[in-house]
Amino acid sequence: MQFIRKKKIGITFSQISTGSLYSSMESLLLENISLSEFETFAVDRLKLLKTIENLGVSYVKSSEQYSNKLDKEFQTLNFPYRSDADDKKLQSGPSEHEKRRKDHISHFILRLAYCQTEDLRRWFIQQEVDLFRYRFDELHPKQKLEFLHRNNLQYDTVSILEKNELKDKLIHSSYAVSGITVENQDFYKVPFQDALDLVRTRKVYLKAGFAYIPHQDIVTIVLNDFRTRLSKALALTARSLPAVHSDERLEPLLNHLSHAYVGQDYSIQKNVGKISLEQIDSLSGKSFPLCMRQLHQALRENHHLRHGGRMQYGLFLKGIGLSLEQALQFWRSEFIRGKVDADKFDKAYAYGIRHMFGKEGKRADYTPYSCMKVILSNPPSQGDHHGCPFRHSDPELLKQKLQVYKVSPSGISQIMELVKGMHYQLACQKYFELTHNIEDAAFSLNHPNRYFDESQKILGGGKDRKQETDTPQRSQENTAAKLSAATGETAASTSQHAAEMTEDLNSFFQDA
């Protein structure tokens, strides 16, 4: 990566040839990219990875439904999705070369954003591996073989003589293999330690330290190799982060990306005054996500919330329509029932509430927290009630809470499986489906206020509350605008760092 004295960032890039799925690991050439492209590419890839995560839980990976929905997302976001597509310029939209360029660069940008913590690295690797699997499965058999050779995965092919000798054992040991398929496809001798996933599930024949893998299952070996390479690359990038953070254009942008919310914009209050204070108790049981229901219950029981809880819950209430006057009345009436008198509330707490609404301090209009912000920032400590129950609660306590809220035993098992797999937003979406008695929520849950709005639609007979809804394009523009705002003020002062940073940053995008 190289910085020049314009608002452009030099980033390594090579044209991705057909089927070259390891392109992000190969030798690269220098390419310039503007800050606006940097932001747009990153947001679009983040949307793609979020879609992959949601589809991976809702559908069987590699199934026809899974592939069809992912195809549509590739087309919508202008990413390459067919290995045999040519580079001809279409009548509308970018060419295949431009799509591949975007695909390549956006991968590296998110490497920088998602190498910062173990949780971020784990999530990023899993989604990129699933994306890799989808693309590898789309290749023709000949392209798969070329790919293996190109990336030094040249395992020995079992000879026809040995294959005939082991025919019965290969049929009984390999999944979906018959006598005909044994004859018509290649088998590979792979050191068993390179095929532990297949060995663990007893899908391959083992002999003398080698696993005999049918061509149809070679994707498992490729995925393991890809995961290892990407994991090492992220670890190296993480060690070099201080050099990246010294560039004032990139630090706020990358920090924002790792917690980025790419859905509807809740920063502008709508439906102000449509919710009365008397409705909040009822709404908390019917339409609040578990994180907000937990905060509401703690507030009613203790008549107090610490700062993290007040911010998370207060901004949520602001987002569903509470006015500043209602918010002050709500918090004052609850706090004075505890150990805080009215005078102390006005002196110590009222300022913070007015600050949330942009009436004090720098007069910023604070946005309700997204799911990613709740999950990844400011984890709760002893005595706190904020955060995400699916992420931060003890599993046994979470089970008890779900039982109290009358979630069925089978539903609790489904939720806990998602929690175990660290799919916290999907666990919340499953909670939504179970508590609203619907089969498929038909939306991707990524914001507590989205949960509330969708709940109100269902409880209102499918009719939405009167609310202006931003289009996806508007939402993307808002996200990009926030990223620009975070970096725009400091862009002019960074050219002096260019020469000293170039050498350090060149190593970010090299293979492990």
Side-chain angles (χ1 to χ4, degrees), residues 21 24 41-83 85 99 102-103 106-107 110 113-114 119-139 197 219-220 222-223 226-227 230 257-258 260-264 289 370-372 375-376 388 390-391 411 413-434 436 438-447 450-451 454 472 475-476 479:
L21 304 183
S24 57
F41 287 3
V43 169
D44 282 353
R45 191 174 193 90
L46 187 56
K47 287 183 177 181
L48 178 63
L49 296 185
K50 296 278 188 185
T51 299
I52 289 170
E53 180 185 29
N54 291 332
L55 291 178
V57 175
S58 303
Y59 302 94
V60 176
K61 293 174 185 177
S62 301
S63 67
E64 186 176 354
Q65 281 184 307
Y66 177 91
S67 297
N68 288 341
K69 288 184 176 291
L70 200 48
D71 274 354
K72 291 179 181 178
E73 192 69 13
F74 270 89
Q75 295 177 63
T76 301
L77 297 174
N78 288 320
F79 281 101
Y81 66 101
R82 296 208 179 279
S83 62
K99 291 178 181 179
K102 174 182 178 178
D103 179 42
S106 63
H107 168 83
L110 289 196
Y114 279 80
D119 282 346
L120 291 175
R121 287 194 291 270
R122 189 183 298 114
W123 182 86
F124 178 70
I125 289 172
Q126 184 57 56
Q127 309 324 314
E128 286 286 347
V129 166
D130 286 343
L131 172 58
F132 185 95
R133 177 191 289 109
Y134 162 79
R135 285 175 160 166
F136 189 84
D137 287 342
E138 290 292 305
L139 295 179
D197 287 346
V219 63
T220 302
V222 179
L223 289 176
F226 178 76
R227 183 188 295 273
L230 183 55
L257 274 175
S258 63
Y261 165 66
V262 291
Q264 182 176 319
S370 68
C371 290
M372 286 296 286
I375 291 169
L376 294 174
C388 171
F390 302 103
R391 168 67 178 88
S413 297
Q414 293 177 62
I415 290 173
M416 297 310 296
E417 277 300 309
L418 291 168
V419 169
K420 185 178 179 181
M422 295 179 289
H423 301 297
Y424 308 117
Q425 290 169 247
L426 297 174
C428 189
Q429 186 159 325
K430 177 57 67 176
Y431 172 77
F432 180 96
E433 292 168 358
L434 293 167
H436 290 79
I438 59 175
E439 291 273 334
D440 184 358
F443 69 93
S444 296
L445 183 60
N446 49 20
H447 202 294
R450 176 75 185 276
Y451 183 109
E454 295 294 337
S475 175
Q476 182 174 345
T479 303

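Please read these numbers as outputs of a predicted model, since none were measured by experiment.
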**Message:** Checking Thr220 now: which residues fulfil side-chain hydrogen bond (donor to acceptor under 3.5 Å, both in side chains) with it, not counting sequence neighbours?
**Reply:** none
**Asked** After noting the C-alpha distance and the side-chain angles of Leu376 and Leu120, does the key distance pass the side chain to side chain contact (heavy atoms under 4.5 Å, CB included) rule?
**Response** CA-CA 9 Å; Leu376 294 174; Leu120 291 175; 3.6 Å; yes
**Asked** Is the centre of the Phe74 ring less than 6.0 Å from the centre of the Tyr134 ring?
**Response** yes
**Message:** Between Arg135 and Asp130, does any NZ, NE, NH1 or NH2 come within less than 4.0 Å of an OD or OE carboxylate oxygen?
**Reply:** no
**Message:** Are the side chains of Thr51 and Leu77 in contact, using a 4.5 Å heavy-atom criterion?
**Reply:** no
**Request:** Kindly compute the distance separating CG (Asp103) from CG (Asp44), expressed to the nearest 0.5 Å.
**Result:** 11.5 Å
**Request:** State, with a plain yes or no, whether a side-chain heavy atom of Ile52 is found less than 4.5 Å away from one of Leu49.
**Result:** yes
**Message:** Could you go through Leu445 and Gln425, starting from their C-alpha distance and side-chain angles, then the distance that decides it, and tell me whether this counts as side chain to side chain contact (heavy atoms under 4.5 Å, CB included)?
**Reply:** CA-CA 6 Å; Leu445 183 60; Gln425 290 169 247; 5.6 Å; no
**Fill in**
When every non-hydrogen atom of Val129 is compared with those of Leu223, the smallest separation belongs to O-CD2, 3.6 Å
**Request:** Return the orientation label for the Tyr451 and Phe432 ring planes: parallel under 30°, perpendicular over 60°, tilted otherwise.
**Result:** perpendicular
**Asked** Phe132 and Val222: side chain to side chain contact (heavy atoms under 4.5 Å, CB included), yes or no, with the steps?
**Response** CA-CA 9 Å; Phe132 185 95; Val222 179; 3.3 Å; yes
**Prompt:** What distance separates Leu46 CG from Gln127 CD, expressed to the nearest 0.5 Å?
**Reply:** 10.0 Å
**Request:** Could you pull out the closest heavy-atom pair between Ala427 and Val419, with the gap in Å?
**Result:** CB-CG2, 3.9 Å
**Item:** Student check: side-chain heavy atoms of Met372 and His447 closer than 4.5 Å
**Value:** no
**Request:** Check side-chain contact (heavy atoms from CB on, under 4.5 Å) between Ser63 and all other residues, then give those that pass, not counting sequence neighbours.
**Result:** Tyr59, Val60, Gln65, Tyr66
**Prompt:** Roughly how far, to the nearest 0.5 Å, is CG of Asn446 from NZ of Lys50?
**Reply:** 7.5 Å
**Asked** Got a salt bridge between Lys430 and Glu433, using NZ or NE/NH1/NH2 to carboxylate O under 4.0 Å?
**Response** yes
**Message:** Distance check, rounded to the nearest 0.5 Å: Arg133 atom CZ versus Leu131 atom CG?
**Reply:** 10.5 Å
**Item:** N-O pairing of Arg45 and Glu128 below 4.0 Å
**Value:** yes
**Complete:** Rounded to the nearest 0.5 Å, the CD atom of Gln429 sits from the SG atom of Cys371 at a distance of 9.5 Å
**Message:** Can you confirm if the aromatic rings of His107 and Phe124 lie within a centre distance of less than 6.0 Å?
**Reply:** yes
**Residues Glu73 and Lys69 bridged, charged N to O under 4.0 Å** = no
**Request:** For Ser67 and Glu64, indicate whether the former's side chain and the latter's backbone hold a donor-acceptor pair under 3.5 Å.
**Result:** no
**Student check: side-chain heavy atoms of Lys99 and Phe79 closer than 4.5 Å** = no
**Asked** Any side-chain heavy atom of Phe136 sitting closer than 4.5 Å to one from Phe226?
**Response** no
**Asked** Can you check whether Ile415 reaches Phe390 side chain to side chain, under 4.5 Å on heavy atoms?
**Response** yes
**Complete:** Across all chains, not counting sequence neighbours, the salt bridge (charged side-chain N to carboxylate O under 4.0 Å, His left out) partners of Glu417 are none
**Residue pair Lys47, Val43: steps toward the side chain to side chain contact (heavy atoms under 4.5 Å, CB included) verdict** = CA-CA 6 Å; Lys47 287 183 177 181; Val43 169; 4.2 Å; yes
**Spacing of CD1 belonging to Ile375 relative to CE belonging to Met422, to within rounding of 0.5 Å** = 12.0 Å
